[in-house]
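Here the structure comes first, spelled out in structure tokens, and everything after it is commentary.
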There are 2 protein chains.
Amino acid sequence: MDQGHPGGRGSLTVGRIVEEATALADEGGLAALSMRALGRRLGVEGMAVYHHVANKEALLDALTDEVFREIALPAGEDWRTGLRARSVSERLVLRRHPWAIGLVETRTAPGPTTLGHQDHVIGYLRGAGFSPRAAAQVLAFLDAYVYGFVLQELALPADPTPVVRAVRERPGSTPFPHLEAVITEVVDAGYDFADEFEVGLDLLLDAMGALRG
Amino acid sequence: MDQGHPGGRGSLTVGRIVEEATALADEGGLAALSMRALGRRLGVEGMAVYHHVANKEALLDALTDEVFREIALPAGEDWRTGLRARSVSERLVLRRHPWAIGLVETRTAPGPTTLGHQDHVIGYLRGAGFSPRAAAQVLAFLDAYVYGFVLQELALPADPTPVVRAVRERPGSTPFPHLEAVITEVVDAGYDFADEFEVGLDLLLDAMGALRG
DNA sequence: GTACCGTCCTTTACAGCGTAAAGACCGACG
DNA sequence: CGTCGGTCTTTACGCTGTAAAGGACGGTAC
């Protein structure tokens, strides 16, 4: 069970800690990430982690910052294409680490990787002819859309909710006629919510053009 | 300290529990909402709450559902105006209860108030000429934007971050030239991030028109 | 009246959490 | 060899959600 990592004295580094903490959260959610469980995974007592990380808050800060390293930076001549690819990548990363979006809310001091990422995007937009304010707006609006969409995706239950089941079994039995219409005519007609992401993204990207000088 | 609520036998109701739990979370964040603290506020032992609520998860479900009661329903002939007012209200409600957006992520079964709200919005859009699918898209896209924007607002620190302070004291001292430009030419030029909400909202609302039959 | 019962609340207890404090080990240096 | 500094372990405290059991009350039945 302890193969794969040495676990002995001197084997602990901040890098290894962040790596295993990420894996732990990916597998069991933020709730599974306790200092004791993390220590167990590292082949060490929980308290040992405190010699490399100030406290759990600092560890979560580091986890959040690392996430931004995975998001593809925008590139290419066409700003619309470049931004689109970045947003698509951002969504995939946030889905791969479902705990990340919950951390963004509580982390008020962005780390160096996050700042570097944002700096790059702003610079990319400035190079495409956006003013400083417009660049900041575009980044904020796109991130808002991506964050919010992923938030809704994560809240989607794996199994159909009682309401959805009720609609399928006895249509007209709920007090929500319009939701019923959406379920039967959209959801059950083969439209996947995940596919709507790019529809909204393209509409928003089109709208962003109005902010360019 | 115990004035204002009876606190005796039979004084506990689900309504009172949800009400005080909301107040507790509003004042001290989700972390301040423990069953013992809630009981204390209700003039009762923590375990007494369990006779009216299955467990803490169910309580959080109820809290989340109640939030949707506060969001103004869209009304009026012009769908754009109606939706705009709803989104503005939604943002204010989410800012008033900063814990709510963090709960949305983990609650996978929407409550009756939430469903009723969504049903109303879908019906409103259908009445304005949107197809079932388009209505669902508009609702999802607008909510995504509002959720994501509030998420970013909540992550804004009260005090300026080290980076912002560094830029103000010694411009050019950070490795983030484009962020520096945004700070000096946008943030410090009087543009308030909160005011950008309606800019993006209007752009998005304009884009939603393309989804109408 | 008084015995009973069901409901509401309290008490006690347990495993887990983050982390402060202090002890134990171990390689390196004088 | 002795001692020091860093790394890890041990122990402990107050907090968490909640299972289990006990106690107190009000209403009903005799």
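Below, chains carry the letters A, B, ... as their sequence lines are ordered, and counting in each starts from 1.
Looking only at atom types and distance, the side chain of B/His120 has no donor-acceptor partner in the side chain of B/Arg86 under 3.5 Å away. Checking A/His178 against B/Gln118 by side-chain atom types alone, no donor-acceptor pair falls below 3.5 Å.
Between A/Arg40 and A/Glu45 there is no salt bridge, since no side-chain N of the basic residue sits under 4.0 Å from a carboxylate O of the acidic one.
To the nearest angstrom, P of D/dT16 lies 14 Å from CG of B/Leu60. Between the CZ atom of B/Arg40 and the P atom of C/dT10 there is a distance of 13 Å, rounded to whole Å. Atom CE in A/Met35 sits about 23 Å away from atom P in C/dA15, given to the nearest Å. In this structure, B/Glu57 places its CD atom 13 Å from P of D/dA19, rounding to the nearest Å. One can place CG of A/Leu33 at 12 Å from C1' of C/dG18, the figure rounded to the nearest angstrom. Atom-to-atom, OH of A/Tyr50 to P of C/dA22 comes out at 18 Å; the value is rounded to the nearest Å. To the nearest angstrom, P of D/dT7 lies 14 Å from CZ of A/Arg16. In this structure, the CD atom of A/Glu45 is 6 Å from the C1' atom of D/dT9, given to the nearest Å.
Put simply, the side chain of A/Arg36 and the base of C/dG16 share no donor and acceptor less than 3.5 Å apart. No hydrogens or angles were tested; on distance alone, nothing pairs the side chain of B/His51 with the base of C/dC8 as donor and acceptor under 3.5 Å.
Here C/dT19 is the nucleotide among C/dT19, D/dT16, C/dT10 with the atom lying nearest to any side-chain atom of A/Met47. Among the nucleotides C/dC17, D/dT16, D/dT9, the one closest to any side-chain atom of B/Lys56 is D/dT16. With D/dG17, D/dT9, C/dT10 as the candidates, the nucleotide lying closest to the side chain of A/Val44 is D/dT9.
Using the six-membered ring where Trp is involved, B/Phe193 and B/Phe149 have ring planes that are parallel, under 30° apart on the 30 and 60° scheme.
Across all strands shown, B/Leu38 has no heavy atoms under 4.0 Å from either base or sugar-phosphate atoms.
Taking for each of A/Ala54 and A/Ala37 the nucleotide of DNA chain C with the nearest heavy atom, the 5'-most of the two is the partner of A/Ala37.
Geometrically, A/Arg91 engages A/Phe197 in a cation-pi contact defined by less than 6.0 Å to the ring centre and at most 45° from the axis.
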